[in-house]
Amino acid sequence: MHDGTTGVDVTVVRDRVIDRLRGLEPGEVAWLDGPFGSGRTSAVRQWLSAESHTARWHPSAPGHADHERSAPDVIVLDGGTAETVEAAIESLAARPQARFVVIASGEWPKALRAAGIRPSTVITGRTLRFTREEIHALGRHRAIDLADGDLERIVETTGGYPLVVDAVIHQIAISGQTDDDVLATGCDRAVDVISRRASTGKISRGLWENFLVAAGAEDLTPAAMDVLDGSGPDGPFALRAMLDAQILGPSSRRPMSFGFPPPLRRAFRRRLSIDVASARQLELIGAAVAVLRGHGLVADAISVASDPALRPLLLDLLRDEWMRLADVPASVVLELLSASSATDLSAELLVAQARALIDIAQLGRSVPVAPRDRQVAQRLLDRAERAVEEESRGSSSAEDVLAVITSLRAAEDRSAGRIEDGYATLQACLDRPPTNELAAAIVRLQAGLTAYACERVEEALTHFIDAGADATIGGDPRMAALAADLEELMHWIVDDTAAWWRHISLGPDTLPDRGTAISPTLGIARAIHTVDMTALQTLLSQPGLAIDDPLAVSLLDLQGRIIAHQVLQNSRIAAQELDLADAALRGRRLSTMEAYNIILARAELLLDAGRPEQAMAVLDAAPPSIDPINDALVRAHVQLALGDYAAVVERLPAVLEPVGGDRGRFAVMAHLLLFLAYRQLDDEEAADRCLEIALVTSGRNRLVWPFVRMGLDELRTIIDRAAELTLDDLSVAHVVRLQSVWDKLNVLRAPVNLTDRERVILEHLAGKASVRRIAADLHVSANTVKTQTQSLYRKLGVSSREGAVNAAIRRGLIPARSSATGGPHRPPG
């Protein structure tokens with residue numbers, strides 16, 4: 001039996017949802033907030049039947065008549081006009097002890113707010129979504145036994161949207177199949193239900209047309225959804241309601257953007273071609289593009305305009321907004337421009353095409369860039385220069401085009417190893433910076449990347465700060481985010497405690513992932529800072545930056561990954577990554593800084609491998625570094641391993657004196673090395689003084705990594721000695737933190753011997769399988785699984801499923817991704 005309003009099957013009672021209404025006491029108010037077709041009305045009817053409540057519905061409808069009584073104990077407001085809301089308020093005034101249930105999307109009705117009526121229970125569209133278990137139960141009700149793979153496909157197809165789930169299950173019951181055609185037909189049936197409601201006037205025609213245009217977009221940002229939703233009264237179709245209900249899922253094309261599952265999106269597109277005439281379609285899409293562009297949402301405008309007939313409109317958009325395309329996936333820009341004839345491409349579009357090929361700021365730019373793409377980009381820039389010469393040289397727009405061309409040429413110089421030449425070109429360009437903020441941001445961004453490659457870190461920091469300000473003023477949030485990420489990286493390198501290390505210690509939410517090419521590198525840096533082993537394992541399971549331009553940033557990412565592997569005591573894997581990098585760098589011209597960073601990483605790995613003599617030989621063969629403190633710290637660490645303690649205490653203080661307390665991370669590491677050296681020289685007073693300085697500096701910033709870098713045995717010595725010192729509260733708390741880190745790291749070096757059965761159970765636990773499911777898969781009793789699980793917990797030194805999974809990830813027993821995939825990890829072969 002179907003609810004005539006929503007088309008959702010109401011014969012399968014979802015206790016998870018109904019229980020929320022069962023707790024409603026007389027006089028209390030519940031709000032069911034979800035999009036049309038989310039089963040809100042069905043849930044209310046099921047609750048009324050299960051609890052034998054009497055109800056009065058506003059507005060009254062044939063499907064609700066069986067619940068209406070003259071003295072109801074439940075008042076239901078199911079959408080409706082302002083008059084309907086007033087009628088419901090009057091009913092509630094006559095029956096103040098009645099339970100009041102409001103079915104409305106998006107926002108609490110203003111008339112209820114004015115009357116002082118507020119909800120005590122809120123059931124959102126997220127709660128109303130079908131779970132895998134509920135989809136399975138619905139299938140069983142229709143005599144369909146769905147396998148795990150079928151359930152996964154249905155969830156991916158429907159997003160858990162009840163109206164679509166019901167239609168898909170109905171279609172599977174008819175055909176007996178779960179292939180793509182059957183799922184697509186189910187999606188079409190669901191969209192047809194909504195279309196019929198629009199055709200009867202239950203939904204305004206204009207709202208339905210606009211919704212079809214938006215629903216067919218590849219993806220949209222929340223800001224674009226708000227723009228396209230408008231402020232009309234027809235909230236049930238608001239895109240935001242779909243997003244809040246998690247029916248719209250994250251896009252793989254763009255960060256912070258969302259879209260319908262592809263099969264459902266295609267169903268909406270098919271319905272658009274049925275319900276709306278071609279001319280009207282183009283009119284609607286053109287209007288959507290215009291309004292999104294007017295709000296600066298260029299990538300969203302392109303996402304909406306997928307019809308080939310709109311290609312001229314999109315080319316105009318790309319030409320006018322050529323400097324604000326960083327948020328548009330590179331593949332989209334290249335597809336649109338490559339399909340156009342050469343005569344259609346202005347100088348601006350030629351530059352946009354080149355940027356999509358080689359500019360790190362462009363979303364989704366492929367790395368590494370193929371040599372052929374670099375050649376294509378240079379030819380495009382040549383054509384753009386000629387076009388400017390022929391058309392409008394001397395105008396302000398022409399000067400902006402030439403400035404961006406200059407920046408891209410300089411980027412190619414950097415990629416080819418002509419770093420000083422590239423930086424000189426960019427500095428000359430910035431002597432008379434472009435008047436357009438976005439053009440200036442592009443030039444400053446490239447100048448910062450090149451300055452960093454030249455070891456001018458402070459200059460790079462200034463360029464990135466200026467680029468972020470220009471991009472913000474110019475209205476390009478993606479470029480501003482990239483500049484902010486690069487600025488943070490420079491603070492990390494400079495080690496400015498106040499500007500970065502102290503800032504990051506406030507918590508992981510302080511510095512969110514901005515979705516730029518640099519964000520993963522920052523994620524590793526942050527996790528290293530606090531020695532967050534679970535985060536490090538997760539980040540290392542993802543591919544690192546390719547060894548490509550900007551090379552200095554790629555090598556910084558490589559260093560971060562090597563350090564992360566060292567933290568997790570996987571030096572062998574770190575050495576493999578460095579060997580792969582050496583192979584990728586063969587034949588590349590490196591700057592002094594780039595070459596030196598590789599040498600430092602090699603020396604650190606040799607030290608970890610117990611070969612300090614070879615580590616010192618590598619350092620002695622290195623070129624001189626502009627920044628001597630890094631070199632001094634690594635050398636002191638090697639000298640400590642060689643037993644040359646006098647050299648450590650003689651060398652480090654002189655290196656530390658010029659920088660004072662400005663470089664917190666390095667200062668902490670230096671004082672820890674001095675502590676260990678003085679102890680070996682039996683100077684306990686000097687050793688304790690150095691340890692106190694290290695603890696005070698690091699405790700203020702929650703800085704853990706330098707302590708871990710000393711080695712586990714040395715960290716044990718540090719913790720034990722710190723317990724005997726008189727310390728301030730922050731330092732004492734930091735020692736407790738260090739003890740916790742030592743405990744976790746110590747677990748990693750203790751071998752764990754698991755039986756084959758325990759390994760299988762561990763993978764099922766990581767896949768979030770229940771004990772009953774594990775028992776069924778292994779053909780044993782649930783008690784046997786529980787016994788084997790407890791044995792597994794004892795071996796890992798944990799007491800819970802979550803603890804077992806995290807411990808197994810840290811030990812490398814299972815990959816980090818298996819805890820997030822929703823199913824057990826299956827090793828290859």
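Values below: every heavy atom of this structure, side chains too, minus hydrogens, waters and symmetry copies.
Arg189 contributes atom CZ, which lies 13.5 Å from atom CD1 of Ile194 (distance to the nearest 0.5 angstrom). Atom OG of Ser252 is separated from atom CG of Asp219 by 8.0 Å, given to the nearest 0.5 angstrom. Residue Ile18 holds its CD1 atom at 7.5 Å from CG of Asp15, rounded to the nearest 0.5 Å. Leu325 contributes atom CG, which lies 6.5 Å from atom CD of Gln362 (distance to the nearest 0.5 angstrom). In this structure, CZ in Arg757 is found 10.5 Å from OG1 in Thr789, a value given to the nearest 0.5 Å. Asp179 CG to Thr185 OG1: the interatomic distance, rounded to the nearest 0.5 Å, is 8.5 Å.
Between Ile75 and Ala98, the shortest heavy-atom contact is CG1-CB, 3.9 Å. Taking both residues in full, the closest heavy atoms of Thr516 and Arg478 are given as CA-NH2, 3.8 Å, listed atom of the first, atom of the second, then distance. Of all the heavy atoms in Arg773 and Asp148, the pair that sits closest is NH1-OD2, 2.9 Å. Heavy-atom minimum distance, Pro35 versus Ala241: CD-O, 3.9 Å. Taking every heavy atom of both residues into account, Gly39 and Pro162 meet most closely at N-CB, 4.3 Å. Residues Ala224 and Asp300 approach most closely at CB-CG, 3.4 Å, considering heavy atoms.
Formation of a donor-acceptor pair under 3.5 Å by the Trp31 side chain with backbone atoms of Arg118 is not found in this model. With hydrogens and angles ignored, the 3.5 Å screen pairs no side-chain donor or acceptor of Ser195 with any backbone N or O of Asp192. Side-chain N or O atoms of Ser49 include one that pairs as donor or acceptor with a backbone N or O of Arg45 at under 3.5 Å. Judged purely by atom type and a 3.5 angstrom limit, Gln171 has no side-chain atom pairing as donor or acceptor with the backbone of Val182. No donor-acceptor pair under 3.5 Å is formed between the side chain of Arg20 and the backbone N or O of Ile123. Looking only at distances, a side-chain donor or acceptor of Ser338 sits under 3.5 Å from a matching main-chain atom of Leu334. Under the 3.5 Å distance criterion, the side-chain polar atoms of Ser257 are left unmatched by any main-chain donor or acceptor of Leu220. No donor-acceptor pair under 3.5 Å is formed between the side chain of Gln246 and the backbone N or O of Gly159. Between the side chain of Asp244 and the backbone N or O of Thr124, no donor-acceptor pair lies under 3.5 Å. Remark: side-chain polar atoms of Arg14 are not paired, donor with acceptor, to backbone N or O of Glu134 under 3.5 angstrom.
Side chains of Trp208 and Arg197 form no contact here, defined as non-hydrogen atoms less than 4.5 Å apart. Side-chain contact between Gln281 and Ser273 is present, with at least one heavy-atom pair separated by less than 4.5 Å. Between Leu32 and Leu21, some side-chain heavy-atom pair lies under the 4.5 Å cut-off. Val328 is not listed as a side-chain neighbour of Leu363, based on a closest heavy-atom distance of 4.5 Å or more. In this structure the side chain of Ile154 reaches within 4.5 angstrom of the side chain of Ile169, judged on heavy atoms. Contact check for Leu336 versus Ile302: side-chain heavy atoms found under the 4.5 Å cut-off. In this structure, the side chains of Leu292 and Val227 come closer than 4.5 Å at one or more pairs of heavy atoms. For the pair Arg140/His136, a side-chain contact is recorded, criterion being any heavy-atom separation below 4.5 Å from C-beta on.
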query: So Leu778 and Ile761, side-chain contact (heavy atoms from CB on, under 4.5 Å) or not? Walk me through it.
result: CA-CA 9 Å; Leu778 301 182; Ile761 288 176; 4.0 Å; yes
field: side-chain contact (heavy atoms from CB on, under 4.5 Å) assessment of Asp327 paired with Val298
entry: CA-CA 8 Å; Asp327 200 35; Val298 178; over 6 Å; no
message: If you apply the rule side-chain contact (heavy atoms from CB on, under 4.5 Å), what do you find for Val122 with Trp108, and how did you get there?
response: CA-CA 11 Å; Val122 178; Trp108 188 243; over 6 Å; no
- prompt: Yes or no on salt bridge (Lys or Arg N to Asp or Glu O under 4.0 Å) for Arg40 and Asp78, after CA distance, side-chain angles and deciding distance?
  reply: CA-CA 9 Å; Arg40 300 166 301 173; Asp78 190 358; 5.4 Å; no
side-chain contact (heavy atoms from CB on, under 4.5 Å) between Val760 and His764, worked out: CA-CA 6 Å; Val760 172; His764 277 77; 3.7 Å; yes
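With sequence neighbours excluded, the residues that form a salt bridge (Lys or Arg N to Asp or Glu O under 4.0 Å) with Glu283 are Arg280.
Arg142 and Asp166 are joined by a salt bridge, as a carboxylate oxygen and a charged side-chain nitrogen come within less than 4.0 angstrom of each other. Ionic pairing of Glu209 and Arg205 is present here: one or more N-O contacts between side-chain nitrogen and carboxylate oxygen are shorter than 4.0 angstrom.
Heavy-atom neighbours of Arg801 CZ from other residues, nucleotides or ligands within 6.0 Å: above the threshold of 12. For Arg22, the CZ atom counts as densely surrounded, since its 6.0 Å shell holds more than 12 non-hydrogen atoms of other residues, nucleotides or ligands.
Within the structure, every pair that satisfies the ring pair (Phe, Tyr, Trp, His ring centres under 6.0 Å) test and touches residues 261-305, not counting sequence neighbours, is listed here: Phe211-Phe268, Phe260-Phe268.
Considering Arg254, Arg265, Arg266 in turn, Arg265 is the only one that fulfils the salt bridge (charged side-chain N to carboxylate O under 4.0 Å, His left out) rule with Glu218.
Using modelled atom types, one finds a donor on one side chain and an acceptor on the other under 3.5 Å when comparing Asp73 with Thr54.
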